[in-house]
Protein chains: 2
Amino acid sequence: MNIGDVARLSGLPAKTIRYYEDIGLIRPKRSANGYRSFGDSDLHRLAFLGRARALGFTIEDCRSLMALYQDESRESAQVKRIAEDHLHRIDDKIAQLQGMRATLAHLVSCCAGDDRPDCPILEDLGAGEADCCKG
Amino acid sequence: MNIGDVARLSGLPAKTIRYYEDIGLIRPKRSANGYRSFGDSDLHRLAFLGRARALGFTIEDCRSLMALYQDESRESAQVKRIAEDHLHRIDDKIAQLQGMRATLAHLVSCCAGDDRPDCPILEDLGAGEADCCKG
DNA sequence: ATAAGGTTTCCAGCCGCTGGAAGGTCAAGG
DNA sequence: CCTTGACCTTCCAGCGGCTGGAAACCTTAT
């Protein structure tokens, strides 16, 4: 299989697959013409990577997870720790975004959005406090 | 005021303030010795930027918002559009993270996390489907 | 022979900083 | 006057995870 084939099958862009080889996540063979030659196991690894990335794991997490995946003597606790850490990072990020969302949604709801210049959004950014709910 | 003073007052790192000058968000004067010399209006702009960035606006959004802030003849609709677009981007991101979170939390809850190698998390990443809830 | 579609490598850029090196400046203390 | 230390300057490189583009090579079909 050439890179285009595994790209189609794995759903990953060819560019990304070359990048994954660059950073050592996969090691496809080479054909006589210099083309990368992917076997089923390469495709399997790429699919694994695609799913791990889709869950938001970092590349370094993926490297660790792949190593554990190949390691018959792993302890599931090792995997779980990585996943739980990641889960906490996601929760932190969600909380942060929800905080932003709340403030922003409030400001947006206070803004007339018409042709006049008065704008509680800009007032808030300028003053550090929302005027739209006062007095 | 030197850069360290405005850094303390605005809460932004000096590095970031220099960067903001580089990309044209602020234009502090220079003292005879070459040091940046910040006035109240610079500090005000930095505080504005800090709050806009804390709400997750991109640098380009900040540039637009600052321009509108200075522009007496703005229409609040222009501001509101920027804020609403950003709100939608935030909502998309939250939704994406919550999707990840749901899958991940489920997998984590299925993983024993002990010294045995069996791990539904790796099984899912390897196979593209969770085995932990079947049969 | 040529054209179209793969593939290769390499280099640069995205965002928003952040770190570090190498040097200039200033105020306080000996 | 000299040193110390805190501050300031510029410049260059790197983070993560790709992504775009250029220039060249390979394969297949006409």
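Lettering of chains follows the sequences in order, A, B, ..., and the numbering in each one begins at 1. These figures come from a predicted structure and were not determined experimentally.
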When A:Asn33 and A:Pro13 are each assigned the nearest nucleotide of DNA chain D, the 5'-most assignment goes to A:Pro13
Just to confirm, is there a sub-4.0 Å distance from OP1 or OP2 of [N] to any side-chain nitrogen or oxygen of [X]?
X       : N      : result
B:Arg30 : D:dT10 : yes
B:Tyr20 : C:dC17 : yes
A:Thr16 : D:dT19 : yes

Please state how far atom [atom1] in [X] lies from atom [atom2] in [N], giving the value in whole angstrom units.
X       : N      : atom1 : atom2 : answer
A:Asn2  : D:dC25 : CG    : C1'   : 14 Å
B:Ile23 : C:dT18 : CD1   : P     : 13 Å
B:Ile3  : C:dT18 : CD1   : P     : 13 Å
B:Asp61 : C:dG16 : CG    : P     : 9 Å
A:Phe57 : D:dG16 : CZ    : P     : 17 Å
B:Lys15 : D:dT10 : NZ    : P     : 11 Å
A:Ile17 : D:dG17 : CD1   : P     : 17 Å
A:Ile26 : D:dC18 : CD1   : P     : 12 Å

Between B:Ala32 and B:Tyr19, whichever has its closest DNA chain C nucleotide further toward 5' is B:Tyr19
Around atom CG of A:Asp92, are there more than 12 heavy atoms from other residues, nucleotides or ligands closer than 6.0 Å?
yes
B:Asp22 atom CG: more than 12 heavy-atom contacts under 6.0 Å:
yes
If you apply the rule salt bridge (Lys or Arg N to Asp or Glu O under 4.0 Å), what do you find for B:Asp40 with B:Arg45, and how did you get there?
CA-CA 9 Å; B:Asp40 284 349; B:Arg45 289 172 74 92; over 6 Å; no
Are any of the side-chain nitrogens in B:Glu72 or A:Arg116 under 4.0 Å away from the carboxylate oxygens of its partner?
no
So A:Arg36, base contact, sugar-phosphate only, or nothing? Heavy-atom distance under 4.0 Å.
sugar-phosphate
Using a 4.0 Å heavy-atom cut-off, does B:Arg18 contact any base of the nucleic acid, only the sugar-phosphate backbone, or nothing at all?
base
Donor/acceptor link under 3.5 angstrom from B:Tyr35 side chain onto base of C:dG24
yes
Counting side-chain heavy atoms from CB outward, which of D:dC18, C:dC17, D:dC11 is closest to A:Ile59?
D:dC18
Fit a plane to each ring of B:Phe57 and B:His86, take the angle between them on a 0 to 90° scale, and name the class: parallel (under 30°), tilted (30 to 60°) or perpendicular (over 60°).
tilted
